[in-house]
Student: 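First the structure, then my questions, so here it is.
Order of listing sets the numbers, starting from 1, for every ligand and every atom in it.
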Amino acid sequence: MAKLLTTIAALRDYLNTYRSSPHDLLKQSGIALVPTMGALHIGHLSLIDRARIENTCVVLSIFVNPLQFGENEDLEKYPRTLDSDLQICQNAGVDVVFAPHALEMGVTNRSITQVIPPSEMISGLCARSRSGHFQGVATIVTKLFNIVQPSRAYFGNKDGQQLAVIRRLVQDLNLPVEIIGCPTVREPSGLAYSSRNQYLSKKDCQIAAHIYQSLQQAQQLFHKFNNLSLPSAKADCTPEKIIATAADYLANRPEINLEYIELVEANTLQACTEITAKAELMLAIAARIGNTRLIDNILLSHNITPRKPIIAIDGPAGAGKSTVTKQVANKLGLLSLDTGAMYRSITLAAMREDVDLNDYEKVKVIAARSKIQLIPRIEAERPIQILLNGEDVTSEIRLPDVTANVSTIAAQPAVRDILVKQQQQIGQAGGVVMEGRDIGTHVFPDAEIKIFLTASASERAKRRQADLIAQGQVAPDLDVLERDIQERDRKDSTRDHAPLIQAEDATLVNTDGLTIEEVVAAIVDLYEAKVQNP
Ligand code: AMP
C-alpha cells in the first residue's frame, strides 16, 4: 500500500526505520526519489517503473513548488489531483507518497536560503521568460534530496534544461545521489505527456502534436548529414539549418505561438555553434497554444543509431516457439531471446524462497531483486544459458513444478512490469527475435515482424510428451498433458494484465502438420520480404 506522508518528520521516521531494518535487500539496492508536482500521467509512471526496477523503496514527492512559479504563472490553477495520484501510485508500486504543504517545506515566501545554478545555464531557453524558475527548482530539489537522501533520483528528459541544471547541481555540491534521466513518453500523436495538457482541448492536442513533428523534421536533417567525414555534408549540417527546419515547419501553423527554438549542448546548455561527430545536442522548443505553455525537446547525437529490426514471436506453450525462434535467429544472424525463461526464473526464485506464490507483494520484491542474465551460446543448437543471480539455472527452470507454477507468476502485473522493462532494455537496439506471450502486443508493439505461432492442444501435448521423454523425465499421459495445456492457455488468455492475444497486425502460423524447417522458412521469407527487400 502506498503510504501518504505529509510531514518531513514522518518521512524521516519512515526512512530511518527502513534504513535500519536488517533487510539484506537494502544494501544491494536503495531508496529512489521521483520528484513531481502531481497530476500524474504516463510520463511520471515511466519514472516510477524505472525507479522500482532499480531500487527497493520508491518515494514519490508531490509538491507544487511556489518558488518556481513566476507572478503571472499558473500556480493557483495548476492541476491538483491527490486522490487519483495516490491511486496511480498504489497501482504502480510506490512505497511512499510525500505530499507536504508549502508551510511544511518552508517556502511560503522567498526570503530563505536559495540555490542558484550557474548563470550560463539559466540565461537561455525557458529561463528567458521564467526568471527565477530554475533557482526555485534547484532549491526545492536540494531540500528534497536532503530530506529523503535517496540513492537515485529520477527526472524526465522532457524537462531537458531542468535535468541539466540538476545534474550540475549534484556535481557542484557533491550531493551523494545518482541522477537518472528518463526518455520522454508521448501520446501516439507524438505529443509529450504533460500535466498541462489538461488545459488543452482535443483540437489543441492535435495542433500541439506538430511541435514534436517539427523536432522530428530537424532530426531527419541531422541524421541525413550523418557522414561528417564528407566536407560537403559538414558544410550543410549547421545549427542554423537544423533550427530553421523546425521553425519553418511551425511557421505554417499559426495556432502555435513559438517562444523559442534553440539548439544547445545537452549537458552545458551552451548554444551549439558547430555540429561535430561527438556532439550531444538538445533541440528545444517552448510554444503557447492559447494560454497554455508547452515545452518539448529532442536529443540529437550521432551516437544514437536507429534500432535494428525486431521479430516478435508470440503464442501458447508448446507451439514450437523456442526451437523456431532459435533457428530463425541463427538463419538471420540475430540474437534470440526467450522471455518465458525470465518468468520461469522468477518462479524458481519464489519457489526456492518458499513464499506463497499468490502473495503479490513478496513475489514482487523477489522479482525486483532477481538478476536474470540470458547468455547466447556459441554452439547455435544449445539452449541459451540462463543465469539467476549468477547461478546457471538453464535446466532447473524447465522442471515440471516450475512449469506448473509459471502462469501464476506471469499473471502478476508487478512481475510483468519489471520483466517487460528488462526485455525492452535488452531489445532496445533491435536485431533480436524475441519469443513470449505479449511481445508483439506489449513489449515491442512496433516490432517489424509479428508472428502468432500456435498449434492444436492435442498436437502440443504430443510434442511436450516427446520433449519430456527426450530429457529423460517421466512423461504424463497425453490426455493429462492436453488438459494441463488447455488450463494454461485459459489462464494466459484470460489474465487481466497483458493477456495472450494475437496482435492485430501479427501473421498467424498454425504449426499442425508443418515441420520446424517449413515454419522457419516461412518466417525468414516474411522477414526478407518486409525488412530486407521491402
Ligand atoms: P512535473 O510533475 O511536471 O514536475 O514532472 C515530474 C517529473 O516527470 C519531471 O522529472 C519531468 O521531467 C517528468 N516528466 C514529465 N512529463 C514527462 C514525460 N512525458 N515523459 C517522461 N518524463 C516526464
Side-chain angles (χ1 to χ4, degrees), residues 32-53 58-70 73-75 77-82 84-86 88-89 92 94 97-100 102 105 107 125-126 130 133-134 136-145 148 150 152-170 177-200 205 208-209 211-212 215 266 269 282 284-286 292-299 421 424:
L33 173 65
V34 182
T36 80
M37 298 205 297
L40 301 182
H41 51 68
I42 297 178
H44 296 115
L45 265 182
S46 72
L47 271 52
I48 300 173
D49 280 345
R50 171 104 190 249
R52 226 185 36 201
I53 291 175
V58 177
V59 178
L60 179 131
S61 62
I62 297 180
F63 185 61
V64 185
N65 170 28
L67 295 181
Q68 68 190 63
F69 283 78
E73 294 185 357
D74 57 345
L75 173 62
K77 202 179 131 207
Y78 196 85
R80 288 164 173 86
T81 55
L82 187 60
S84 71
D85 289 351
L86 282 175
I88 290 172
C89 289
V94 169
V97 175
F98 178 52
M105 288 302 278
V107 294
L125 304 164
C126 287
R130 302 193 75 187
H133 171 75
F134 289 104
V137 170
T139 302
I140 208 69
V141 168
T142 306
K143 283 168 79 75
L144 287 169
F145 285 171
V148 178
R152 298 174 195 86
Y154 295 79
F155 295 88
N157 285 341
K158 171 171 174 285
D159 298 271
Q161 186 172 17
Q162 168 174 285
L163 178 58
V165 163
I166 289 166
R167 284 193 197 284
R168 181 70 186 270
L169 159 84
V170 163
V177 53
E178 188 184 350
I179 301 301
I180 313 280
C182 302
T184 302
V185 183
R186 301 176 180 283
E187 292 186 7
S189 66
L191 172 63
Y193 281 102
S194 160
S195 306
R196 288 193 169 96
N197 291 357
Q198 294 188 18
Y199 303 149
L200 300 174
C205 286
I211 296 176
Y212 181 56
L215 292 169
L269 304 179
M282 174 171 73
I285 289 186
T292 307
R293 184 175 182 276
L294 300 173
I295 57 169
D296 201 349
N297 69 70
I298 203 162
L299 294 173
K421 289 282 159 346
Q424 288 169 335

Student: Taking the six-membered ring of Tyr154, is the NZ or CZ of Arg50 close enough (under 6.0 Å from the centre) and on axis enough (within 45°)?
Tutor: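 Ring-cation test returns no.
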Student: Numbering the atoms of ligand 1 from 1, which are under 4.0 Å from a heavy atom of Tyr193?
Tutor: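 Near Tyr193, the atoms of ligand 1 are 16 (N), 17 (C), 18 (C), 19 (N).
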Student: Below 4.0 angstrom from a heavy atom of Thr36, which ligand 1 atoms are there? Numbered from 1 as shown, please.
Tutor: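 Counting atoms of ligand 1 from 1, those under 4.0 Å from Thr36 are 2 (O), 6 (C).
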Student: Nearest to atom 10 (O) of ligand 1, what protein heavy atom do you find, and at what distance?
Tutor: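 Answer, as residue, atom name and distance: Gly156 N, 2.9 Å.
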Student: Out of Thr184, Val185, Ile42, Leu47, who gets a non-hydrogen atom closest to atom 22 (N) of ligand 1?
Tutor: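 It is Leu47 whose heavy atom sits nearest to atom 22 (N) of ligand 1.
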Student: Is there at least one pair of N or O atoms, one from Asp159 and one from ligand 1, spaced under 3.5 Å apart?
Tutor: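 There is such a contact, yes.
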Student: With heavy atoms of Met37 as the reference, note each atom of ligand 1 found under 4.0 Å away.
Tutor: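 The atoms of ligand 1 under 4.0 Å from a heavy atom of Met37 are 1 (P), 2 (O), 4 (O).
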Student: Between Arg293 and Asp74, is the closest basic N to carboxylate O distance under 4.0 Å?
Tutor: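 No salt bridge links Asp74 with Arg293.
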Student: Less than 4.5 Å apart, any side-chain heavy atom of Asn157 and any of Leu163?
Tutor: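 Yes; the side chains approach each other to less than 4.5 Å.
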Student: Should Met37 and Phe69 count as side-chain neighbours, where that means a heavy-atom distance under 4.5 Å?
Tutor: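 Contact flag for Met37/Phe69 side chains = yes.
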Student: For atom 16 (N) of ligand 1, which candidate among His41, Arg50, His44 holds the nearest heavy atom?
Tutor: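 Closest candidate by heavy-atom distance is His41.
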Student: I'd like to check which ligand 1 atoms, numbered from 1 as shown, lie under 4.0 Å from a non-hydrogen atom of Pro183.
Tutor: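 Going through ligand 1 atom by atom, the ones under 4.0 Å from Pro183 are 20 (N), 21 (C).
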Student: Do Met105 and Asn65 make a side-chain contact, defined as non-hydrogen atoms from C-beta onward lying under 4.5 Å apart?
Tutor: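 No, too far: nothing below the 4.5 Å cut-off.
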Student: Is the shortest side-chain heavy-atom distance between Gln162 and Cys126 below 4.5 Å?
Tutor: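 Sidechains of Cys126 and Gln162: no contact.
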Student: In a check of side-chain contact (heavy atoms from CB on, under 4.5 Å) between Tyr212 and each of Ile285, Leu191, Ile298, which one passes?
Tutor: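 Result: among Ile285, Leu191, Ile298, Ile298 is the only option passing the side-chain contact (heavy atoms from CB on, under 4.5 Å) with Tyr212.
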Student: Any atoms of ligand 1 less than 4.0 Å from a non-hydrogen atom of Phe155? List them with their elements.
Tutor: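 In order of numbering, the contacting atoms are 10 (O).
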Student: Within the structure, is a non-hydrogen atom of Ala39 found at a distance of less than 4.0 Å from ligand 1?
Tutor: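 Outside the 4.0 Å threshold, so no.
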Student: Going by distance only, is there an N or O of Ser194 that falls short of 3.5 Å from an N or O of ligand 1?
Tutor: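 Between Ser194 and ligand 1 (N or O atoms, distance only) the closest approach is not under 3.5 Å.
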Student: Below a 4.0 angstrom heavy-atom separation, can you tell me which part of Cys182, side chain or backbone, both or neither, approaches ligand 1?
Tutor: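 Under 4.0 Å from ligand 1, Cys182 contributes no heavy atoms.
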Student: Check for me whether Lys77 meets the cation-pi criterion with Tyr199, that is, NZ or CZ under 6.0 Å from the six-membered ring centre and within 45 degrees of the ring axis.
Tutor: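 Positive - Lys77 is close enough to the ring of Tyr199 and near enough to its axis.
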Student: Indicate yes or no: at least one non-hydrogen side-chain atom of Met282 is less than 4.5 angstrom from one of Leu125.
Tutor: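 In short, these two side chains touch, coming nearer than 4.5 Å.
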Student: Distance under 4.0 Å to a non-hydrogen atom of Pro35: what atoms of ligand 1 satisfy this?
Tutor: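 Close to Pro35: 6 (C), 7 (C).
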